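Some notes on the structure that comes next.
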Amino acid sequence: PEFLVNYFSRMPPETALECLTDLMKHNRQNLQVVVQVAIKYHEAIGAAKIVKMFESFGSNEGVFYFLGAILSSSQDPKVHFKYIQ
C-alpha cells in the first residue's frame, strides 16, 4: 500500500478523489488504503469532499477513521462537528 499512497502525490486532487471513489466502489476491502491516502492528502483534496465520498458508500467506518486521524491538526469546525456526530 505504501507505493499506492505515494503514487497519489503525483495526481491532481480531482483525479485522486475519483481514484479513491473507484477503489471504494470496486472493493470495500480497500477501505484501509483509501483512508491512508485520504489522511495524507486531505489538505489538497478537501476533507469535506472525502467525507462526502465515504458517506456516498455508507462507510461510517471510513468517516470515523479519517476524521479521527485529522482531527488534531484540523481547524475546520465542520470536521470537528462531523466527528462528534
Side-chain angles (χ1 to χ4, degrees):
E2 189 65 30
F3 166 76
L4 189 58
V5 172
N6 290 332
Y7 185 75
F8 275 82
S9 69
R10 301 181 197 128
M11 294 183 185
E14 297 80 25
T15 305
L17 186 60
E18 287 178 33
C19 289
L20 292 176
T21 303
D22 285 342
L23 283 169
M24 286 294 292
K25 188 184 305 181
H26 295 294
N27 191 345
R28 295 287 296 231
Q29 293 178 349
N30 290 328
L31 180 64
Q32 182 179 3
V33 173
V34 172
V35 169
Q36 287 176 345
V37 171
I39 290 167
K40 190 162 185 177
Y41 303 111
H42 74 277
E43 290 179 4
I45 298 171
K49 291 178 183 177
I50 293 170
V51 168
K52 188 174 179 179
M53 184 261 313
F54 282 127
E55 289 177 336
S56 73
F57 293 102
S59 180
N60 293 328
E61 188 178 8
V63 172
F64 177 76
Y65 289 135
F66 169 65
L67 292 178
I70 69 164
L71 195 63
S72 62
S73 65
S74 175
Q75 299 297 321
D76 187 353
K78 292 177 185 176
V79 168
H80 291 265
F81 178 74
K82 194 67 178 175
Y83 183 76
I84 292 168
Q85 227 179 6

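Worth saying up front: this structure is predicted, and the values here are computed from it rather than measured.
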Exercise for the section: Quick one: do Phe54 and Leu31 satisfy side-chain contact (heavy atoms from CB on, under 4.5 Å)? Show the steps, please. Expected result: CA-CA 9 Å; Phe54 282 127; Leu31 180 64; 3.7 Å; yes

Problem - Residue list, side-chain hydrogen bond (donor to acceptor under 3.5 Å, both in side chains) with Glu55, at least two apart or on another chain - result: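 For Glu55 the side-chain hydrogen bond (donor to acceptor under 3.5 Å, both in side chains) partners, ignoring immediate neighbours, are Lys82.
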
Handout entry: salt bridge (Lys or Arg N to Asp or Glu O under 4.0 Å) contacts in which one or both residues fall within residues 61-75, not counting sequence neighbours
Key = none

Practice task
Flag yes if more than 12 heavy atoms outside Tyr65 fall under 6.0 Å of its OH atom; otherwise flag no.
Solution key: no

Problem - Listed once per pair and sorted, the side-chain hydrogen bond (donor to acceptor under 3.5 Å, both in side chains) pairs that draw on residues 39-50, sequence neighbours left out - result: Asn6-Lys40

Fill in the blank from the handout: Ile70 and Ala47 have their tightest heavy-atom pair at CD1-CB, 4.1 Å

Exercise answer: donor-acceptor pairs, residues 10-29 side-chain atoms, under 3.5 Å, sequence neighbours excluded:
from: Thr21; atom 1: OG1; to: Leu17; atom 2: O; distance (Å): 2.8
from: Asn27; atom 1: OD1; to: Gln29; atom 2: N; distance (Å): 3.0
from: Arg28; atom 1: NH1; to: Phe57; atom 2: O; distance (Å): 2.7

